[in-house]
2 protein chains.
Amino acid sequence: MSSATSNLSVNGAPTSGAGTSVSGTSPTFSPLYQQIKALILQSLQSGEWKPGELIPSEVELAHRFKVSQGTVRKAIDELASENLVVRRQGKGTFVATHHEARAQFRFLRLMPDAGEPHNADNKILEVKRLRAPAEVARQLDMKSGDSVIFIKRVQSFDGAPTIVEELWLPGMIFKGLTVERLVEYKGPMYGLFESEFGTRMIRASERIRAVSADESTASLLNVAQNTPLLSVERVSYTYGDKPVEVRRGLYLTDRHHYQNDLS
Amino acid sequence: MSSATSNLSVNGAPTSGAGTSVSGTSPTFSPLYQQIKALILQSLQSGEWKPGELIPSEVELAHRFKVSQGTVRKAIDELASENLVVRRQGKGTFVATHHEARAQFRFLRLMPDAGEPHNADNKILEVKRLRAPAEVARQLDMKSGDSVIFIKRVQSFDGAPTIVEELWLPGMIFKGLTVERLVEYKGPMYGLFESEFGTRMIRASERIRAVSADESTASLLNVAQNTPLLSVERVSYTYGDKPVEVRRGLYLTDRHHYQNDLS
DNA sequence: TAGTGGTCTAGACCACGCT
DNA sequence: GCGTGGTCTAGACCACTAG
């Protein structure tokens with residue numbers, strides 16, 4: 001036992017140190033279950049429990065943290081609703097991973113107009129190191145000129161090239177990422193990132209536009225120049241809302257569509 | 001008092017009648033809080049509590065339904081997470097409405113590239129009754145040829161026409177919807193639907209593509225023909241997952257983008 | 001001060017997966 | 001049978017709003 005338990009703040013005697021800085025009327029106030037959530041989050045982020053692994057049971061966490069099971073439960077409820085953790089009745093709670101059918105299409109919203117979504121055939125065109133362009137550096141919260149890894153690829157469905165994509169990744173984090181590793185790797189790219197580079201994508205934000213295919217993209221997608229394409233600019237974030245990927249995809253939408261559900 | 005309370009099924013003596021049809025191992029099983037949720041949902045759908053109104057407190061509902069407050073609480077938690085209801089600490093729980101700043105942009109994901117999102121200037125081009133085209137009828141779950149109301153409009157931001165949109169609504173539900181009422185009405189269109197036609201939009205599903213502007217659309221948007229546009233096809237649903245609106249928007253994305261967050 | 005939602009607890013029991 | 005998550009209860013207390 002390493003210590004660091006029971007530094008929790010009781011209601012009415014709020015945490016002294018870091019965090020929150022609520023802009024409300026009363027000084028600060030963090031419910032116990034939020035503090036527990038933060039502690040569990042730390043264990044996830046630090047890799048104490050790795051993707052796919054079973055985390056301690058609710059009762060164990062409860063008396064590790066000296067709180068009731070209900071409080072741990074509420075903390076885990078939130079983590080589950082954020083897809084950081086997956087509950088399985090009768091078995092336990094597991095750290096979420098990108099190596100599962102369930103998570104495969106969470107970050108790919110391009111669906112075939114007819115038929116079930118299926119996996120893309122992935123063709124890597126280019127992998128190289130370069131200095132971050134100003135715009136990319138800004139989005140990755142790096143200094144302009146810092147080293148980034150650049151990837152360009154084409155994805156095909158049923159033999160039809162459909163997505164041309166360019167990615168920029170922080171060189172520091174993804175050091176050692178080569179075209180070989182990308183080509184050899186079977187499964188989702190975020191699975192590779194998670195397993196090989198210890199970086200798990202938590203959420204992403206996309207900006208979508210309609211653009212015209214330029215000459216080079218048109219030839220890659222096997223369409224006429226100026227064909228309308230969906231431009232999808234994505235920034236992905238890992239723990240602590242740290243941006244770790246910038247991506248720009250051009251989607252051919254004659255037989256596919258970007259699916260979005262509003263609720 | 002109209003009866004119809006306490007027809008709840010205890011754990012282990014599951015509901016006999018309708019619903020669920022779970023494809024699991026055990027016959028059926030609906031947690032109590034789900035049953036409570038369904039009852040509250042009925043009151044919402046029937047208009048017993050109208051949009052914007054205060055619903056009974058948790059304690060009152062608890063002993064109206066003969067369950068603990070915690071059970072009612074969990075039912076309302078789900079309704080709140082589905083945006084059907086809004087909780088306000090110290091005040092109570094209110095039926096959600098489209099007449100509020102919060103809900104304004106829930107169904108409009110087109111954001112300006114720079115600056116805060118602001119309201120569109122709305123210009124109605126056309127309102128008429130017609131017989132539902134086959135495709136629209138299918139999406140609205142109607143018979144082909146049934147009466148629908150067709151609307152065409154252009155929306156502008158800062159004086160720049162940006163969205164050309166066509167809508168189809170079931171004639172039965174939206175009987176009496178005229179161009180005058182649409183023009184006179186200030187506020188979001190879904191607010192009008194909710195107040196004047198008793199139909200509240202709960203969720204929507206959008207399919208997004210890139211297309212070329214045809215001649216007529218180009219002239220409405222003040223751009224060259226073949227300018228790439230975002231095509232957004234939406235089907236909106238009210239209570240019971242009943243489709244009640246089909247919409248096809250063409251978005252000009254040179255100064256705006258469709259914003260989507262993946263998590 | 002009273003009423004409402006929000007948190008926390010402790011304990012009982014149920015559904016599920018495994019051994 | 002046992003351990004896990006899932007449900008339900010009853011009661012205490014806190015935070016917020018309003019009269």
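Just so it is clear: chains get the letters A, B, ... in the order the sequence lines come, proteins before strands, and each one is counted from 1.
Within the 4.5 Å cutoff, the side chain of A:Q42 has no heavy atoms near those of the A:Q45 side chain. Here the side chains of B:L41 and B:L84 are in contact, with some heavy-atom distance below 4.5 Å.
The side-chain contact (heavy atoms from CB on, under 4.5 Å) test applied to B:R181 returns B:T178, B:E196, B:F197, not counting sequence neighbours. Evaluation of the side chain to side chain donor-acceptor pair (under 3.5 Å) rule for B:E194 yields B:T97, B:H98, B:R200 as partners, not counting sequence neighbours. For A:K37, the side-chain contact (heavy atoms from CB on, under 4.5 Å) partners are A:Q34, A:A75, A:E78, A:L79, A:E82, not counting sequence neighbours. Under the salt bridge (Lys or Arg N to Asp or Glu O under 4.0 Å) criterion, B:D77 pairs with B:R87, sequence neighbours left out. Partners of B:R207 according to the salt bridge (Lys or Arg N to Asp or Glu O under 4.0 Å) rule, which considers only residues two or more places apart in sequence or in another chain, do not exist here. Residues passing the salt bridge (Lys or Arg N to Asp or Glu O under 4.0 Å) test with B:E206, sequence neighbours excluded: B:R234. Residues that satisfy the salt bridge (Lys or Arg N to Asp or Glu O under 4.0 Å) test with A:E60, not counting sequence neighbours, are A:R64. By the side-chain contact (heavy atoms from CB on, under 4.5 Å) test, B:S81 is found to be paired with no residue, residues two or more places apart in sequence or in another chain being considered.
Atom CG of A:L61 is separated from atom P of C:dC8 by 16 Å (rounded to the nearest Å). B:I36 places its CD1 atom 14 Å from the P atom of D:dT7, with the value rounded to the nearest Å. Summarising the geometry, the separation between OH on A:Y33 and C1' on C:dT9 is reported as 16 Å, rounded to the nearest angstrom. Atom CD of B:Q69 and atom P of C:dC8 are 15 Å apart (whole Å). Summarising the geometry, the separation between CD1 on B:I76 and P on C:dT4 is reported as 12 Å, rounded to the nearest angstrom. Atom NE2 of A:H63 and atom C1' of C:dG11 are 17 Å apart (whole Å). Whole-Å rounding puts the B:D77 CG to D:dT7 C1' distance at 14 Å. Distance CZ (B:F29) to C1' (D:dG5): 12 Å, rounded to an integer number of Å.
Between C:dG5 and B:R73, no contact under 4.0 Å exists linking OP1 or OP2 to a side-chain N or O. At D:dT7, none of the side-chain N or O atoms of B:T71 fall inside 4.0 Å of OP1 or OP2 (strictly under the cut-off). Within the 4.0 Å cut-off from OP1 or OP2 of D:dC8, not a single side-chain nitrogen or oxygen of B:K74 is found.
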Given Watson-Crick and G-U pairs under 3.5 Å, DNA chain D in dot-bracket ([ ] crossing, | other strand) is ||||||||||||||||||.
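DNA chain D lies under 4.0 Å from at least one heavy atom of each of the following residues of residues 85-97 of chain A: A:R87, A:R88, A:Q89, A:G90, A:K91, A:G92, A:T93. Only at 4.0 angstrom or more do the heavy atoms of residues 50-60 of chain B sit from any atom of DNA chain D, so none qualifies.
Here the CD-CG distance, from B:Q155 to B:N119, works out to 10.0 Å after rounding to the nearest 0.5 Å.
The stretch residues 105-120 of chain A participates, sequence neighbours left out, in these salt bridge (Lys or Arg N to Asp or Glu O under 4.0 Å) pairs: A:D113-B:R209.
For B:S68, the side-chain atoms get nearest to D:dT9 when compared with the rest of C:dT7, C:dT9, D:dT9.
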